[in-house]
Amino acid sequence: PVRSVEARRDVGGDAVRPRLVAADDRQRERPPHQARVAREDPLDAERRAVPRDLAHLPRNDGLRIDEEARIGALNPRRRLGGGRRPEQEQDEEEAHGPTRRVPSTRHGRVGARRLWIPASRPPLARRLPPAPMPDALPALRTRLAEVADLGHAAAVLEWDQETYMPPGGAEGRGRQVATLRRIAHERFTAPEVGELLDAAAPESDLDAALVRVTRRDWQRATLLPGRLVSEKAEASSRAMEAWKAARESDAFALFAPHLERILGLAREEADLVRPLVAAERGPDYAPSEADARYDALLDEFEPGASTASVAATFARLKEGLVPLVAAAAEAPAPDDAFLRAPFDADAQWAFGLDVAQALGYSLDHGRQDRSAHPFTTSFGQTDVRITTRVDPDFFPTAFFSTVHEAGHGIYEQGFAPDLAGTPLADGASLGIHESQSRLYENLVGRGEAFWTWAYPMLRARFPHLADVPRGAFLRAVNR
């Protein structure tokens with residue numbers, strides 16, 4: 001059957017995408033004198049659903065594309081359909097068959113986009129996959145960098161909200177962050193990103209990993225409407241301010257409605273993503289309703305993990321941890337009264353930063369600020385910021401928070417420069433990310449070798465520790 005490629009503009013997009021149109025669809029639109037008998041084809045629905053970029057279609061071997069339509073599809077600003085005389089169209093129809101005229105309503109004008117395919121043989125577009133494009137990978141990197149920049153801009157606003165923003169700015173800040181997150185989502189989930197992924201020709205393992213990870217993120221993101229992304233961002237921003245107020249006044253009721261709203265949005269996201277997660281895990285994946293929802297959300301932070309696998313891991317850990325905790329509980333508790341004494345806040349701050357730098361956190365590409373709850377945020381590996389909170393009457397609060405967040409920061413600052421602006425410049429998973437912070441906080445920061453090095457410096461800043469042996473201090477910080 002005769003087929004044509006219909007070019008159309010996506011709603012809300014900036015690209016013209018074609019789709020294959022079956023002959024029987026065109027039959028209904030043709031005048032009677034042009035009607036042809038078309039055979040029934042069971043693949044019509046599938047082909048109509050598969051978008052293809054006209055620039056990727058072969059120019060030979062039985063497939064002809066009207067040059068004017070090709071140029072118009074690649075350049076939406078150019079008006080299509082003008083400048084062809086009726087006798088030219090008649091000559092083309094006699095040589096190659098009737099043309100397909102597609103209305104264009106750009107700027108309120110109607111033009112014709114003429115694409116024709118000879119009926120003598122099936123088009124290559126339905127027989128071959130999209131041809132690799134040598135410039136697809138650079139184009140993909142450019143788009144991903146734009147998306148990353150938008151995400152980093154939103155992260156700057158979120159960092160400011162938790163560090164320096166005045167309380168009265170919360171309403172507008174939530175809207176601003178929501179706008180940036182929505183635009184970033186729309187740019188990332190645009191159809192042309194999928195087309196670039198299809199056309200990319202990786203030349204190295206790194207390129208292959210970029211395409212693989214980006215495709216996975218893109219498939220998940222395309223399931224979420226921009227409205228949901230925007231609502232989540234705004235709800236989280238409002239909830240942050242409510243949480244601060246609830247924490248200061250010890251009134252959970254102030255935060256409860258915001259938490260309920262966030263949980264509702266999370267359930268909506270889980271239900272949209274569940275089919276993709278189930279398809280990736282195969283026919284043997286049969287979780288309960290509750291587990292399926294949680295798995296859909298868990299998969300974003302720990303790819304491949306499930307409620308069942310996490311439960312199995314905890315069960316194995318429980319076998320060794322329960323007896324260990326019981327034995328520790330029976331032992332006399334170490335004295336930590338000297339940690340619950342006045343510690344100058346500025347001296348704590350300076351000591352924590354000295355240790356963070358010694359561990360590898362760069363203040364040339366980062367900084368530390370105060371926040372209600374410590375966190376790490378990245379605007380790219382050249383600007384990774386951490387926060388902490390200081391308790392002037394309990395030394396471990398600020399110090400171990402700083403070391404913990406420095407562990408996150410060292411990980412973020414350590415990504416290779418050529419990964420910048422791509423999904424590869426991120427943690428492999430939340431578990432891996434947290435392993436780095438816990439490594440520095442607990443295995444290093446509470447270790448004997450570390451305090452053999454650090455304790456003299458701590459004593460120099462806090463003279464009242466001069467009478468506290470290093471061993472007693474070590475037992476206290478491990479209590």
Are the side chains of [Y] and [X] in contact, using a 4.5 Å heavy-atom criterion?
X	Y	value
T422	L140	no
R182	T179	yes
T307	P287	no
E269	E300	yes
V156	H152	no
L157	R173	yes
V390	T397	no
T377	I386	no

Could you grab the distance from atom [atom1] of [X] to atom [atom2] of [Y], nearest 0.5 Å is fine?
X	Y	atom1	atom2	result
K318	L321	NZ	CG	10.5 Å
L228	L265	CG	CG	6.0 Å
D160	Q176	CG	CD	9.5 Å
Q413	S378	CD	OG	8.5 Å
E192	D198	CD	CG	12.5 Å
L419	D426	CG	CG	11.0 Å

Does [X] use its side chain to pair, donor to acceptor, with the backbone of [Y] at less than 3.5 Å?
X	Y	result
N478	R446	yes
Q381	A425	no
S437	E434	yes
T387	F375	yes
R274	A292	no
W218	V193	no
S230	R227	no

Under the side chain to side chain donor-acceptor pair (under 3.5 Å) test, residues paired with D299 that sit two or more places apart
R216, R281
So is R247 actually on top of F252's ring, under 6.0 Å and inside 45° of the axis?
no
Apply the salt bridge (Lys or Arg N to Asp or Glu O under 4.0 Å) test between R181 and each candidate in E231, E186, E158, E234; give the one that qualifies.
E158
Will you find, in the side chains of [X] and [Y], an N or O donor that is under 3.5 Å from an N or O acceptor?
X	Y	value
E405	T376	yes
S306	D295	no
E162	S371	no
Q368	T388	no

Measure across [X] and [Y] and return the closest heavy-atom pair with its distance rounded to 0.1 Å.
X	Y	answer
P323	G320	CD-O, 3.5 Å
R187	V147	CB-CG2, 3.9 Å
P423	L210	CD-CD1, 3.9 Å
A239	I262	CB-CD1, 3.5 Å
A356	A406	CB-CB, 3.9 Å
S237	G174	OG-CA, 3.2 Å

Please say whether more than 12 non-hydrogen atoms of neighbouring residues, nucleotides or ligands are located less than 6.0 Å from NZ in K232.
no
Return yes when atom CZ of F415 has more than 12 non-hydrogen atoms of other residues, nucleotides or ligands closer than 6.0 Å, and no otherwise.
yes
Checking Y164 against W159 for the ring pair (Phe, Tyr, Trp, His ring centres under 6.0 Å) test, could you report, in this order, the C-alpha distance in whole Å, the side-chain angles of both residues, the deciding distance, and whether it holds?
CA-CA 8 Å; Y164 295 105; W159 167 83; 5.7 Å; yes
Ion pair check, D271 and R293, cut-off under 4.0 Å:
yes
Looking at R215 and D217, does any basic side-chain N land under 4.0 Å from a carboxylate oxygen?
no
Non-neighbouring partners of H408 that pass ring pair (Phe, Tyr, Trp, His ring centres under 6.0 Å), sequence neighbours left out:
H404, H433
